[in-house]
Every structure is written in C-alpha cells, then in structure tokens.
Amino acid sequence: MNVNRRHLMTGTIGAAAVAMVASACASEDGGGDGSGGKKVGIAMPTKTSERWILDGNNLKDSFEAEGYEVTLQYANDVAADQVSQIETMVGQNVDVLVIAAIDNKSLSGVLAQAKGQEITVIAYDRLILDTPDVDYYASFDNTKVGTLQGTYIVEALDLANQAGPFNIELFAGALTDNNTKYFFNGAWEVLEPYVTGGQLVVKSGQTSLEQIATENWDGAVAQERMDNILSNFYNDGSVVDAVLAPYDGISRGIVASLQGGGYTTMPVITGQDAEVESVKYIIEGLQSMTVYKDTRALADTTVDMVVAVLGGEKPDINDNETYDNGNKVVPAYLLEPVSVDVNNYQEIVVDSGYIEADELA
Ligand code: BGC
C-alpha cells in the first residue's frame, strides 16, 4: 500500500499537496515512477448515486497524481452504453481498464478485445463474471456488508430478549450486480434463523432474491414495491417493524413510501454507502443505519494495484478464494465496511473527512 498517498488524500489540502508533488515529479521525469505517459480508462456505472461520483473523482485524482492520463466515463446505468465506452477506451490503447460493471455478464466480448491488446483489467467494487480476462478485483468485504445490516436489525429489535413477533420486509439490489447476492446472503444468514423461529415474520412472503431485487438499484422502484407491500399485506392495521435495505437510495425510497402510508415513526431501516442525504436521515431518525465504505481507500487500493502490475510487480492481495467469477477465482483486495448510525456517524464519516460537517447542516 502507498501509505503516503492515502495519508495525503484524506483532505482537500492533502489532495492539493499530492497534485503539486505529482506535477513536480512529472516535470522532472515524466511521472516519477515510470508511469509517465500511461493511460487508464475508468468506466463507472452512473452519476445518479453519490458514491460513484466520489469513486470516479478519487480514482481520477489518484491516477493523475501518479502521472497517468485518465479517461473517466459514466454510462447512466445502461449496460450497452458501458460496453461501447469501454470499446472506445480499448481503441484509444489504454494500458489499464478500471471497471465498475453495470451488468456483470455483458463484458466478456470487449474484455477479450482488451486482453488481445494486453490491457490490464481491474474489476472495481463489482466483480465481472464469466470471463478469463479480468486480472484483479478491488472491493470491500461484500458479505460483511450484509452481516452488518442483518446484525443491526437483530440488535435494534433486541431479538435476544424480545419475543416479537416483529414484521420485516426485505429488499435487495440489482440482479445484474454480482454484489447483490453477497450483500443479501450476508444479511440473510443472520436473519433467517429468526424467521424460521418465528420471531421475525415476512408478511409479504417475499424472500427470494428474484422477488426482492431492485432493478438498477433504483429508489423509485423500491418505493413502488414498498407501496404494493403496504397496501397488500399491511392493510389490516399491522405495522412494519424493520426493513432490510441494501443501499441508501433504496432506503430513502422506502422511507418515502412509509411516509406516504402514514408512518410517523420509522421502522428499523438499514442502508449502505453513507450518502450525505442518508446520514441526514439517520440524524433525523428516518433511517437507522448505513454501511460506510471509504471510497478514498478503495481508489488508493486500486491505484496501488495498477502501479504494482504495470511496474512488473505482484500487487497486494488479501483474498484468493472468495470471488470465483465462473471462469476463475479472481485475486482480490477487500477492504472493511463499517456500520454507522446516529451514535458513531460523527467519528466515522465526519471526523475522517468523508463528509464535511456543513454538508449535514
Ligand atoms: C456497491 C454499493 C452500492 C450499489 C448501488 C454496489 O455494487 O457495492 O456500494 O450501494 O452498488 O450503487
């Protein structure tokens, strides 16, 4: 790991310092570490979610600080557009592709072209499936994201002491995203015993991944599903006590639905990404928790990987078994997600500089 860069990148002043150091290096020796003139293509899924904007910006800044020329593209959650963006990058002879896939199974063709040109391919945050042409995977412990969400619900409802039964409804992400099943399986492993034992009840009966998935991770889609659940299964005066939601945008869609249904006190609602809007919801008591994943650290990990590989070295890997993409086990570096609620948001997301205090005002 490049400790210096990570340390420097934790604030605006740090970023400016990195830029100055980088330009000084660039003027002396074209990049300072042999990466001068190297090109990286970054393909991000969408700008509709805050985290991907941060990811894109962090990656761009960190690669540029290493002397790379950067192309950064977003595809508005349209898988075919992402494929053409990557084709264009391949045509531009990039040395590296960093891809957060929209559809994990749509990229085999374009990645075969990339391999033909010896382009290094990093799956960023989301694993790319069914291809031999992905070299490394940089992400978080995705199962643990779900474990943190499930555990939060168990503790918030005090299932160790309260018999219930409590009503819970389940939401998952997009089926085209490989992370979706890891998040859900992590949570379900914690929650299912309570459902089997009768302490938790899924009144809708919707528990399979296909039933609970949310197309494109879209909050509006989740809101509509929650509306349907409320009118079909909670029209008898019963209330929802907890909602497993995998991502902050979905959590906020669910809150909107519950508010529309007359809820003034919210059930326990989970989330992910520590988006500013959801941290505000947590402070206001509308959402219970989120899972914070430091996208600055993920960008740094990715850049470190790339610098190592292009320098002819082996990158740091801490997982060689979890992420089988259907073709091979992809060597991965996984970072730790952190559970955040009203009690620790200040320390975890504000004091660390991830969110500025005035953004929450
Ligand atoms: C990411 C999550 C994000 C979700 C929706 C997942 O692949 O890991 O952090 O909430 O996509 O954008």
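Only this structure's heavy atoms are used, side chains among them; waters, hydrogens and symmetry mates stay out. Read the numbers this way: they start at 1 and go in the same order the structure lists the ligands and their atoms.
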For atom 12 (O) of ligand 1, tell me which residue out of Tyr182, Tyr247, Trp52 has the closest non-hydrogen atom. Trp52

Please write down residue, atom name and distance for the protein heavy atom closest to atom 10 (O) of ligand 1. Asp273 OD2, 2.7 Å

If you measure every N/O of Ser49 against every N/O of ligand 1, is any gap under 3.5 Å? no

May I ask whether Phe140 has any heavy atom positioned less than 4.0 angstrom from an atom of ligand 1? no

Does Val94 form a side-chain contact (heavy atoms from CB on, under 4.5 Å) with Ile119? I'd like the steps, not just the answer. CA-CA 7 Å; Val94 295; Ile119 296 172; 4.0 Å; yes

Is the Lys NZ or Arg CZ of Lys203 less than 6.0 Å from the centre of Phe233's six-membered ring, within 45° of the axis? no

Is it true that the side chains of Tyr333 and Asp319 contain a donor and an acceptor less than 3.5 Å apart? no

Does Arg225 qualify as a cation-pi partner of Phe171, given the criterion of NZ or CZ under 6.0 Å from the six-membered ring centre and within 45 degrees of its axis? yes

Candidate with minimal heavy-atom separation from atom 1 (C) of ligand 1, of Asn142, Asp125, Thr176: Asp125

N/O donor-acceptor pair under 3.5 Å between Asn325 side chain and Ile128 backbone: yes

Which heavy atom of Thr71 sits nearest a heavy atom of Gln92, and at what distance? OG1-OE1, 3.8 Å

Relative to ligand 1, is Tyr124 under 4.0 angstrom through side chain, backbone, both or neither, heavy atoms considered? neither

Can you name the atoms of ligand 1, numbered from 1 with element, that are less than 4.0 Å from a heavy atom of Lys293? 1 (C), 2 (C), 8 (O), 9 (O)

Of all protein heavy atoms, the one nearest atom 5 (C) of ligand 1 is Trp217 CD2, 3.4 Å

Hey, mind stepping through Ser238 and Asn167 against side-chain contact (heavy atoms from CB on, under 4.5 Å) and telling me if it holds? CA-CA 8 Å; Ser238 56; Asn167 296 322; 4.1 Å; yes

Considering the heavy atoms of Asp177, write down every atom of ligand 1 situated less than 4.0 Å from one of them. 6 (C), 7 (O), 11 (O)

Numbered in order shown, the ligand 1 atoms found under 4.0 Å of a heavy atom of Arg126 are 4 (C), 5 (C), 6 (C), 7 (O), 11 (O), 12 (O)

